[in-house]
Student: 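I have a structure here, written as structure tokens, and I will follow up with some questions on it.
The structure presented is a predicted model; accordingly, all values stated were derived computationally and were not measured. Naming convention: chains lettered A, B, ... in sequence-line order (proteins, then strands); numbering from 1 in each chain.
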There are 2 protein chains.
Amino acid sequence: MQEQPRRQSRIQRKNREAILTAALREFSARGFSGTTIDQIAETAGLSKPNVLYYFQSKDAIHTALLRGMLDLWLGPLRDLRAEGDPADQILAYARRKLEMSRDYPQESRLFANEVLQGAERLAPILGGELRELVDQKSALISGWIAQGKIAQVDPHHLLFSIWALTQHYADFEVQVRAVLGPDHDPYAEAQVFLDLLYRRLLKPQLRE
Amino acid sequence: MQEQPRRQSRIQRKNREAILTAALREFSARGFSGTTIDQIAETAGLSKPNVLYYFQSKDAIHTALLRGMLDLWLGPLRDLRAEGDPADQILAYARRKLEMSRDYPQESRLFANEVLQGAERLAPILGGELRELVDQKSALISGWIAQGKIAQVDPHHLLFSIWALTQHYADFEVQVRAVLGPDHDPYAEAQVFLDLLYRRLLKPQLRE
DNA sequence: CAAAATATTGACCATTTGGTCAGGATCAGG
DNA sequence: CCTGATCCTGACCAAATGGTCAATATTTTG
């Protein structure tokens, strides 16, 4: 069942890499069904049959892409630790997620496309690995709340809000840029805004 | 150039409506290229040639859908008025947008799909009508800030945040539900969370 | 450097899909 | 109830697309 992890040749590594990079570009811009193997091949600088020599099918490319990016994507949340000032931790998480939207917008859009269309391929991960991770971090946040270190907010929705607010700038980038016009740096402005927003939201309320 | 606005027959109205409803369902779930005319036809209970009797092409259906929904979509923002308490106005806008995500998730996903993939068909609207509307409402919000009625926040990003936070619950619904599990009412919880978030964010800061 | 392993491709195939069309069914109005 | 307009469909088409394969080229290795 397990594939032979036989050492990949130089050529193999290079071409697989080129295909995945090209596929990320195409899938994130046009969605799965909007992308043809020919487009991927052309972007990767290969012929179509050659692409299919490295990956069994279009689906296999897509799956490999998603799997390969999961760690990158969940990394920042995993880094949310108990140590340090709680509000700072959360602020840092939001900031890091925003940087990821800025630096990896294609990845963001790939996931968005996927989830938007029902996430059938991701469902097991969403309800499994992701859910457990979120529950764990929610418990951490609940602890902080119980200790009065941050204000009382629903931890799950706090995390959702961070995802929504940061990924928005990647996923809806054309809209953001169209509305702001050319003389803006959306990500820089967003950082200021989000810092303010979460500092206000999380500041412990003394009364009551 | 203008099409004869000749009165539509009963059958015509019924079938056009059925096609648009079916197309919304399909496009929002699978994206434009992931949807076939046959699927739309079947969902609408018509034959493929019959669908093409009412709309010139798949693209025409898509365009008609988007155009027909724009007013619904921009309505809440248009309703943001100078009268009344500023914070209440903004809170009400957020609440209304959240209700729209709950009640019209397909519409939300259709737009998300569109924007995510470059929004070529929407570009003129985003940079035109939408931008003007946003600028106008931003000016209104800036006025409130200048009067010290709400806290000092970037009006554009305030609006972005409302879009992001509310549409997230429709666009990423599968993810939200997967993470929360079955014993939650995402929209009810979100309403509480968003109310709190915006009340805290907008409360005027007295010091300084 | 020759054989074995790996990489590449042109030609090809079956299916799907957007769209057409001629002709038949149905409906509305006189 | 007849007729013209509207509505509907089966059959069809061309292009696009995912995927295959036998043959060829290139690289690696003993």
Student: Quick one: is B:Tyr53 getting a side-chain N or O under 4.0 Å of the D:dC8 phosphate, OP1 or OP2?
Tutor: no
Student: Heavy-atom contacts under 4.0 Å between residues 23-40 of chain B and DNA chain C, which residues?
Tutor: B:Thr35, B:Thr36, B:Ile37
Student: Between the base of D:dG19 and the side chain of A:Lys48, is there a donor and acceptor pair under 3.5 angstrom?
Tutor: yes
Student: To the nearest Å, how far apart are B:Lys14 NZ and D:dC7 P?
Tutor: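 My rounded result for the distance is 11 Å.
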Student: Between the side chains of B:Arg13 and B:Glu17, is the shortest nitrogen-to-carboxylate-oxygen separation below 4.0 Å, so that they form an ion pair?
Tutor: no
Student: Quick one: sort the B:Phe160 and A:His168 rings into parallel, tilted or perpendicular, breaks at 30° and 60°.
Tutor: tilted
Student: What is the distance, to the nearest angstrom, from the CZ atom on B:Phe55 to the C1' atom on C:dG18?
Tutor: 16 Å
Student: On a heavy-atom basis, which atom in A:Leu140 and which in A:Leu80 lie closest, and how many Å separate them?
Tutor: CD2-O, 3.8 Å
Student: Quick one: is B:Tyr54 getting a side-chain N or O under 4.0 Å of the D:dC8 phosphate, OP1 or OP2?
Tutor: yes
Student: Which letters describe nucleotides 21-30 of chain D, given B = protein heavy atom under 4.0 Å from base, S = only from sugar-phosphate, - = neither?
Tutor: B-----SS--
Student: Is there a side-chain contact between B:Asn15 and the phosphate of D:dC8, meaning an N or O under 4.0 Å from OP1 or OP2?
Tutor: yes
Student: Heavy atoms only: give me the nearest B:Phe55-B:Ala64 pair and the separation to one decimal.
Tutor: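 Reported closest heavy-atom pair: CE2-CB, 3.9 Å.
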Student: Can you tell me the distance, in whole Å, between the CG atom of B:Asp59 and the C1' atom of C:dT17?
Tutor: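 B:Asp59 atom CG is separated from C:dT17 atom C1' by 15 Å.
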Student: Does A:Val174 have any side chain to side chain contact (heavy atoms under 4.5 Å, CB included) partners at least two apart in sequence or in another chain, and if so, which?
Tutor: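 A:Val174 satisfies side chain to side chain contact (heavy atoms under 4.5 Å, CB included) with B:Val115, B:Ala119 once adjacent residues are dropped.
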Student: For the pair made of NZ in A:Lys58 and P in D:dA16, what is the distance, rounded to whole Å?
Tutor: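 Whole-Å distance recorded here is 15 Å.
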Student: Which residue pairs pass the side chain to side chain donor-acceptor pair (under 3.5 Å) test with at least one member in residues 36-50 of chain A, sequence neighbours excluded?
Tutor: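 For residues 36-50 of chain A: A:Glu26-A:Thr43, A:Arg30-A:Gln39.
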Student: Using OP1 and OP2 only, check whether a side-chain N or O of A:Ser47 sits under 4.0 Å from C:dT8.
Tutor: no
Student: Without placing hydrogens or testing angles, list every side-chain donor-acceptor pair under 3.5 Å for residues 84-92 of chain A, not counting sequence neighbours.
Tutor:
{"unit_1": "A:Asp85", "atom_1": "OD2", "unit_2": "A:Ala87", "atom_2": "N", "d": "3.4"}
{"unit_1": "A:Asp85", "atom_1": "OD2", "unit_2": "A:Asp88", "atom_2": "N", "d": "3.1"}
{"unit_1": "A:Gln89", "atom_1": "OE1", "unit_2": "A:Arg81", "atom_2": "N", "d": "2.9"}
{"unit_1": "A:Gln89", "atom_1": "NE2", "unit_2": "A:Glu83", "atom_2": "O", "d": "3.4"}

Student: What is the minimum heavy-atom distance between B:His184 and B:Leu180, and which atoms define it?
Tutor: CD2-O, 3.0 Å
Student: B:Gln12 has an atom CD; how far is it from atom C1' of D:dC8, in whole Å?
Tutor: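 So the CD-C1' distance, B:Gln12 to D:dC8, works out to 13 Å.
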Student: With the threshold set at 4.0 Å, does a side-chain nitrogen-carboxylate oxygen contact exist between B:Glu99 and B:Arg95?
Tutor: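 Looking at B:Arg95 together with B:Glu99, the answer is no, because their closest N to O distance does not fall below 4.0 Å.
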Student: I want to check one thing: is the phosphate of C:dA7, taken as OP1 and OP2, less than 4.0 Å away from some side-chain N or O of A:Asn50?
Tutor: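 No, no such contact exists.
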Student: Figure out the CD/P separation between B:Gln8 and C:dC27, and round it to whole Å.
Tutor: 18 Å
Student: Measure CD1/A:Ile61 against P/D:dG18 and give the value in whole Å, please.
Tutor: 10 Å
Student: Can you tell me how far C1' of D:dT17 sits from NE2 of A:His62, to the nearest Å?
Tutor: 17 Å
Student: Would you please name every residue forming a side chain to side chain contact (heavy atoms under 4.5 Å, CB included) with A:Ala170, sequence neighbours left out?
Tutor: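 Residues passing side chain to side chain contact (heavy atoms under 4.5 Å, CB included) with A:Ala170: A:Ser101, A:Pro105, A:Ser108, A:Tyr187.
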Student: Just N and O in the side chain of A:Gln56: are any of them under 4.0 Å from OP1 or OP2 of D:dG19?
Tutor: no
